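I have placed the structure first, in the form of structure tokens, so that the comments after it can refer back to it.
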Amino acid sequence: MPSRSRLASRPRAVIMQPTTQCLPMDCTYCYLPFRKTKHLMPTAVAEAAARSVNRWAAEDPAFEVVWHGGEPLATGREHLAALMAPFRGAKHSVQTNAALLDDAWCEFLLEHEVYVGVSIDGPEDMNTHRVTLAGRPGFHVAMRGIDRLHRHGIAFSAIAVVSDPDPADAARFYEFFAELGVTTLGVNVEETEGVNYHAPQADPARSTEFWAALADAWRSNPVIQLREMTRVMNFASAVLHGHTPASAPADMPWDPLPTIAYDGGVVMLSPELAGFTDKRFGDFTTGNVLRDGLDVLVAETEKRTPWITEFWKGVDACRATCPFFAFCGGAHPANRYFEHEGRFDGTRTRYCTTAKIALLEGVARHASAHRH
């Protein structure tokens, strides 16, 4: 496949990093290098990004501006409002640890029509990796913020990190989120990434059992949208209708997914690479919106970004060797880089094994057990 066709000509979303600070949390698995430092995005960065985003949003009503990582609410209401102000027509969403949510923040979210995602890992005993900077458990702090969302009638999705994919915990894990009333749940198996060098290596067979048990729990009470189940079902539907490989993830254009760091630096494809440097590739950025238009950076991504050429080699190697490639489309850049000692052209990663292959096999096992 020619490299020029691999990236979509226009992103569906941009990720904005209004601050690097993760106040007041210090999760043990966090990959962010500057989470204890309060770097704030200047309004000039948002204004520069908005010049391209507003054109894209005018053509795509679903275009999204995602405020994410560190903790966006640590930016402060006044400054976050100033950063949002230049954008026109795009949907805004925020991914928050919920610890700073109070009545004033809820009123802000309602006034600015911001979609809310909460990061929480399940019941209290499964949430032990989310601790405050003081080293105290973060569960009840987050739950207080979630209670504020409920009181203000604000719907929210959730993202959970699973460090130990234990099938015995899957049903209780799912029911926690069902009772919490989330609209959508995304489940991430803990990854070796960024400054999180010591992620546990989940057993693939156990991970498969976890996904099968989670599918069982969801099927018994399908009150929320489970992101991973949707991905597998969409893939299975394409297979059953004979649309693969044309409509499989493997052959869809990659969304450039620009991540705009607090200083205006733009990292494509992989938000997790923002803030890191490499002796071969520098800071992984394609450019800076304070110097070049975001539309120009998207259009010239491959020409301006040497590491992506190496990444495509890894994707091609996966395509040639992995029987699961049609489903996952190749390992994500950051997983390849951090698991393969700074290389993007490696193939299978532990993340692939536990979060993609085990997912597909687990849901297939669930489907097989419920055929009749």
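As the structure is a computational prediction, the values presented were derived from the model and not from experiment.
- Residue pairs meeting the ring pair (Phe, Tyr, Trp, His ring centres under 6.0 Å) criterion with at least one member in residues 133-153, sequence neighbours excluded: His150-Phe156.
- Proximity of the aromatic rings of Phe177 and Trp218 is defined here by a centroid distance below 6.0 angstrom, and this criterion is not met.
- Heavy atoms from other residues, nucleotides or ligands lying under 6.0 Å from CD of Glu59 number more than 12.
- Although no hydrogens or angles enter the test, the distance criterion places no donor-acceptor pair under 3.5 Å between the side chain of Asp121 and the main chain of Ala160.
- Contact between Ala46 and Met41 at its shortest, heavy atoms only, is N-SD, 4.4 Å.
- Taking Ala168 as the reference, Asp166 meet the side chain to side chain contact (heavy atoms under 4.5 Å, CB included) condition, with sequence neighbours excluded.
- Side-chain atoms of Ile224 and Tyr174, non-hydrogen and from C-beta on, do get closer than 4.5 Å to each other.
- Here the CG atom belonging to Asn288 is positioned 6.0 Å from the CG atom belonging to Asp263, to the nearest 0.5 angstrom.
- Within the hydrophobic cluster formed by Ile, Leu, Val, Met, Phe, Trp and Tyr side chains joined at under 4.5 Å, directly or through other members, Tyr351 stands alone, with no partner residue.
- Looking at Thr301, its side chain does come within 3.5 Å of a backbone N or O of Leu297 through a donor-acceptor pair.
- Salt bridge Asp216/Arg365: absent, no basic N to carboxylate O contact under 4.0 Å.
- Among all heavy-atom pairs drawn from Tyr262 and Leu40, the shortest one is CD1-O, 4.0 Å.
- For the residue pair Gln95 and Ser119, a side-chain donor N or O sits within less than 3.5 Å of a side-chain acceptor on the partner.
- By the 4.5 Å heavy-atom criterion applied to side chains, Asn221 and Glu175 are counted as neighbours.
- A side-chain donor-acceptor contact under 3.5 Å links Glu302 and Trp312.
- Heavy-atom minimum distance, Phe284 versus Leu273: CD1-O, 3.8 Å.
- Between the side chains of Tyr337 and Asp278, at least one donor N or O sits under 3.5 Å from an acceptor N or O.
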Using the side chain to side chain contact (heavy atoms under 4.5 Å, CB included) rule, take Phe63 and Lys91 through it: C-alpha gap first, then chi angles, then the decisive distance, then the call.
CA-CA 6 Å; Phe63 196 95; Lys91 299 177 182 295; over 6 Å; no
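- Taking the side chain as every heavy atom from C-beta outward, Trp211 and Val189 approach each other to under 4.5 Å.
- Within the 4.5 Å cutoff, side-chain heavy atoms of Phe173 are placed close to those of Val187.
- Between the side chains of Thr96 and Glu71, at least one donor N or O lies within less than 3.5 Å of an accepting N or O.
- Partner of Asp103 under the salt bridge (Lys or Arg N to Asp or Glu O under 4.0 Å) criterion, chosen from Arg77, Arg144, Arg148: Arg148.
- Grouped by direct or indirect side-chain proximity (heavy atoms under 4.5 Å, Ile/Leu/Val/Met/Phe/Trp/Tyr only), Leu257 sits with Ile15, Val66.
- Judged as a side chain to side chain donor-acceptor pair (under 3.5 Å), the pairs with a partner in residues 224-233 (not counting sequence neighbours) are, in order, Asn188-Arg227.
- Across all non-hydrogen atoms, the minimal contact from Pro86 to Asn54 is O-ND2, 3.0 Å.
- The pair Asp255-Arg10 does not count as a salt bridge, with every side-chain nitrogen at least 4.0 angstrom from each carboxylate oxygen.
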Using the side chain to side chain contact (heavy atoms under 4.5 Å, CB included) rule, take Cys22 and Lys38 through it: C-alpha gap first, then chi angles, then the decisive distance, then the call.
CA-CA 8 Å; Cys22 286; Lys38 190 170 185 175; over 6 Å; no
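- For Thr75 against Pro18, the heavy-atom pair with the smallest separation is OG1-CB, 3.3 Å.
- For the residue pair Ser270 and Glu272, a side-chain donor N or O sits within less than 3.5 Å of a side-chain acceptor on the partner.
- Within the 3.5 Å criterion, the main-chain N or O of Ala85 finds a donor-acceptor partner in the side chain of Arg88.
- Nearest heavy-atom pair, Met25 versus Ala99, reported as atom, atom and distance to 0.1 Å: SD-CB, 4.4 Å.
- No side-chain heavy atom of Leu7 sits less than 4.5 Å from a side-chain heavy atom of Met268.
- In terms of the salt bridge (charged side-chain N to carboxylate O under 4.0 Å, His left out) criterion, residue partners of Arg343 (sequence neighbours excluded) are, by chain and number, Glu310, Asp345.
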Using the side chain to side chain contact (heavy atoms under 4.5 Å, CB included) rule, take Cys106 and Leu149 through it: C-alpha gap first, then chi angles, then the decisive distance, then the call.
CA-CA 7 Å; Cys106 288; Leu149 292 175; 4.2 Å; yes
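- Using a cut-off of 4.0 Å between Lys/Arg side-chain N and Asp/Glu carboxylate O, Asp316 and Lys313 are scored as not salt-bridged.
- Using a 4.5 Å heavy-atom threshold, the side chains of Thr349 and Cys352 count as touching.
- Within 6.0 Å of the OH atom in Tyr115, the count of heavy atoms belonging to other residues, nucleotides or ligands does not exceed 12.
- Around atom CZ of Arg12, no more than 12 heavy atoms belonging to other residues, nucleotides or ligands sit under 6.0 Å away.
- Aromatic rings from Phe338 and Phe276 are positioned such that their centres are separated by under 6.0 Å.
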Should Asp125 and Arg172 be marked as a salt bridge (Lys or Arg N to Asp or Glu O under 4.0 Å) after you check the CA-CA gap, both sets of side-chain angles, and the distance that decides it?
CA-CA 11 Å; Asp125 62 307; Arg172 189 163 58 91; 2.9 Å; yes
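- You'll find the side chain of Arg304 reaches within 4.5 Å of the side chain of Asp292, heavy atoms only.
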